[in-house]
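Here is the structure we will look at.
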Amino acid sequence: MKQIFKALNMIRLCNRRAFWLRIVYVVVLNVLPLCNLYVLKFMVDSVNTGEPAEFLGIKLTIFTSLALFCGISLLSRIVGVLNGVNNDIMSQRLVDYISERMQAQSARLDMSYFDNPEYHDTYHRAQQEASYRPIQILNGFMSLLGSVITIGGIVAILCTVSGWIIVVMVAAVMPSFVVRVIKARKIYAFRRSNTQNYRRTNYYTALLGGRDYAKEMRTFGLAPYFRERFVKIRKSLVKDLIRISRRLGCYDAACAVVETAALFFVTMILIASATKGVVSTGSFVALFEAFRRGQTALSGLVSSITSLYDNRLFIGNLFEFLDLEPTIVNVPQPKPFPKRVSTVEFRDITFRYPKMQRDVLSHFNLTARAGEVTQIEGENGFGKTTLLKLLLRLYDTDKGAVLIDGVDVRQYDLRELRRGIGAIFQDYVRFYCTAEENIAFGDISRHDSARVKKVAELAGVDKYIERLPKGYQTPLGRMFDDGEELSMGQWQRIALARQLYSDAPVLIFDEPTAWMDVPSRDRFYRTLEELKAKGKVIILIKHV
């Protein structure tokens with residue numbers, strides 16, 4: 001139940017007014033039909049005897065009873081409409097609230113999580129359930145509340161005839177309850193054990209439909225291969241799910257036979273009571289309808305309980321993700337990051353990525369000084385890009401330390417540290433936003449159009465941007481309407497301008513000229529000389 005209450009509290013926090021309104025609406029919607037059962041009894045008795053029925057000293061004629069019955073029905077319909085609107089509002093707010101929580105959680109976690117398949121399994125399960133499980137828990141809880149109210153009223157009505165009716169009604173739904181709990185457990189176990197298979201199908205879908213993969217998928221004719229793999233996994237998953245569903249469907253059918261037998265037994269009791277004159281015709285109709293509604297309410301109660309049980313299992317996936325904690329955090333009293341940096345030192349660094357069998361770096365030493373270009377050259381896998389990740393504290397070293405002006409980077413505030421290091425990655429990101437935004441992302445807290453144009457010129461991309469239809473306000477890439485695609489070399493210079501916009505005292509260039517032509521490379525090296533003159537610490541990573 002702890003997970004259920006956590007989910008309900010999350011729903012309450014996302015919109016308190018809508019949450020409490022939902023409870024009020026559910027109570028009203030389940031009390032009104034019980035009131036109509038009494039009105040129905042009086043109306044039928046009036047029709048049968050031709051005399052007004054009496055209730056609490058008030059005489060109810062046929063037309064008075066009918067007007068009251070219709071009035072309650074209309075009120076119930078109106079409250080149902082209000083409840084539907086309120087539910088739509090809450091659903092949308094909840095989707096937004098959970099999406100924000102998941103995005104914030106993903107952004108705060110360490111890079112090491114992203115290298116771990118178990119993390120991707122956890123994230124996938126959370127992502128799959130996040131959009132609808134919490135609202136299903138709310139619906140299940142409200143349905144449970146409504147069923148309890150309805151059953152309470154119906155028990156009070158049926159007790160006037162025989163207690164055995166209630167016993168039969170409850171006993172008839174117990175097999176259905178057991179079957180549904182078993183089904184919930186089996187489906188949850190199946191989905192959890194097949195998380196990676198579901199992730200693989202999502203990956204194959206992205207390969208077959210994603211723009212980034214389109215060129216090579218077509219060039220090498222890979223679509224049939226990946227479609228075959230997708231179909232093979234899906235067939236296996238569907239086959240297992242159908243087998244589970246068929247087996248439990250047989251049990252469900254047996255449960256339906258038990259419930260129908262109970263309806264037959266109770267109806268015979270009511271007919272016998274009406275025949276002997278123990279109950280009036282109106283009472284017979286009301287009791288028969290009460291039992292039918294009681295069966296429906298009990299079935300709803302079983303559905304609500306099993307739904308809550310089912311959703312409790314799956315909502316655990318969301319909380320499992322939200323409960324993850326980063327390991328790279330600030331020290332209690334971090335040191336202020338220097339405005340000007342004299343040295344960056346990698347001292348006796350040893351590091352391996354999580355769950356890898358070998359060290360990427362072993363007892364590595366390097367010192368970079370302000371006003372110089374420090375080059376790091378090596379073959380693929382040498383660990384060059386890893387040094388950049390360690391400097392930015394995307395990972396922490398296993399042994400040794402990374403020092404800036406003699407201070408371990410772990411002593412600096414994480415946000416200040418990363419703002420103080422301007423980096424262009426080998427696998428830089430192409431943001432499908434405007435050209436100006438792409439550059440200003442280098443320091444999003446300080447948007448300055450004049451500075452954007454200045455660093456664009458320094459990066460040698462200004463003339464390309466000015467020729468675009470809307471200049472710096474042109475969306476880049478063809479993901480959205482009015483977007484303009486750039487060449488890889490132009491995208492790389494956009495990334496370079498983004499780095500320069502940061503105006504950080506430490507600048508790291510990871511293969512910055514890989515996609516540049518000869519004139520652009522010459523321009524880049526002239527830019528490096530200008531940055532040296534400004535006293536920047538410059539580290540240039542190159543392959544050999």
Given Tyr412 and Arg418, is the side chain to side chain contact (heavy atoms under 4.5 Å, CB included) satisfied, shown in steps? CA-CA 10 Å; Tyr412 291 121; Arg418 291 168 183 171; over 6 Å; no
Is a side-chain donor or acceptor of Arg93 paired with a backbone partner of Asn15 at a separation under 3.5 angstrom? no
Could you check whether any side-chain N or O of Gln105 sits under 3.5 Å from a backbone N or O of Leu324, counting only pairs where one atom can act as donor and the other as acceptor? yes
Hey, does the side chain of Thr122 reach the backbone of Glu118 with a donor-acceptor pair shorter than 3.5 angstrom? yes
List the steps and the verdict of side chain to side chain contact (heavy atoms under 4.5 Å, CB included) for Asn197 and Arg200. CA-CA 5 Å; Asn197 281 330; Arg200 283 193 177 94; 3.7 Å; yes
So does Val26 get a backbone contact from the side chain of Asn30, meaning a donor-acceptor N/O pair under 3.5 Å? yes
Please determine if Arg192 and Glu320 form a salt bridge, counting it only when a charged side-chain N lies under 4.0 Å from a carboxylate O. yes
For His447 and Glu436, test the side chains for any donor-to-acceptor distance below 3.5 angstrom and give the result as yes or no. yes
Looking at Glu228, I want to see if its CD is surrounded by more than 12 non-hydrogen atoms of other residues, nucleotides or ligands under 6.0 Å. no
Between Asp110 and Thr327, do the side chains contain an N or O donor and an N or O acceptor separated by less than 3.5 Å? yes
Regarding Arg227 and the six-membered ring of Tyr204, is the cationic atom NZ or CZ under 6.0 Å from the ring centre and inside 45° of its axis? no
Side-chain donor-acceptor contact under 3.5 Å, Thr434 with Glu437: yes
Short N-O contact, Asp240 and Arg243, less than 4.0 angstrom: yes
Before we go on, tell me: are the rings of Tyr501 and Phe441 under 6.0 Å apart, centre to centre? no
Between Phe226 and Tyr203, what is the ring plane arrangement, given parallel below 30°, perpendicular above 60°, and tilted in between? perpendicular
So how far is it from Leu394 CG to Leu414 CG, rounded to the nearest 0.5 Å? 9.5 Å
Answer yes when Arg478 and Glu484 have at least one side-chain N-carboxylate O distance shorter than 4.0 Å, and no when they do not. no
Euclidean distance, Leu208 CG relative to Tyr225 OH, rounded to 0.5 Å: 12.0 Å
Does Asn86 use its side chain to pair, donor to acceptor, with the backbone of Leu82 at less than 3.5 Å? no
Hey, what's the ring geometry for Phe321 with Tyr119, parallel, tilted or perpendicular (30° and 60° as the breaks)? tilted
Arg446 CZ: over 12 foreign heavy atoms closer than 6.0 Å: yes
Should we say atom NZ of Lys389 is surrounded by more than 12 heavy atoms from elsewhere, each under 6.0 Å from it? yes
Please determine whether side chain to side chain contact (heavy atoms under 4.5 Å, CB included) holds for the pair Phe190 and Ile244, giving the CA-CA distance in whole Å, both sets of side-chain angles, and the decisive distance to 0.1 Å. CA-CA 10 Å; Phe190 173 82; Ile244 294 172; 4.3 Å; yes
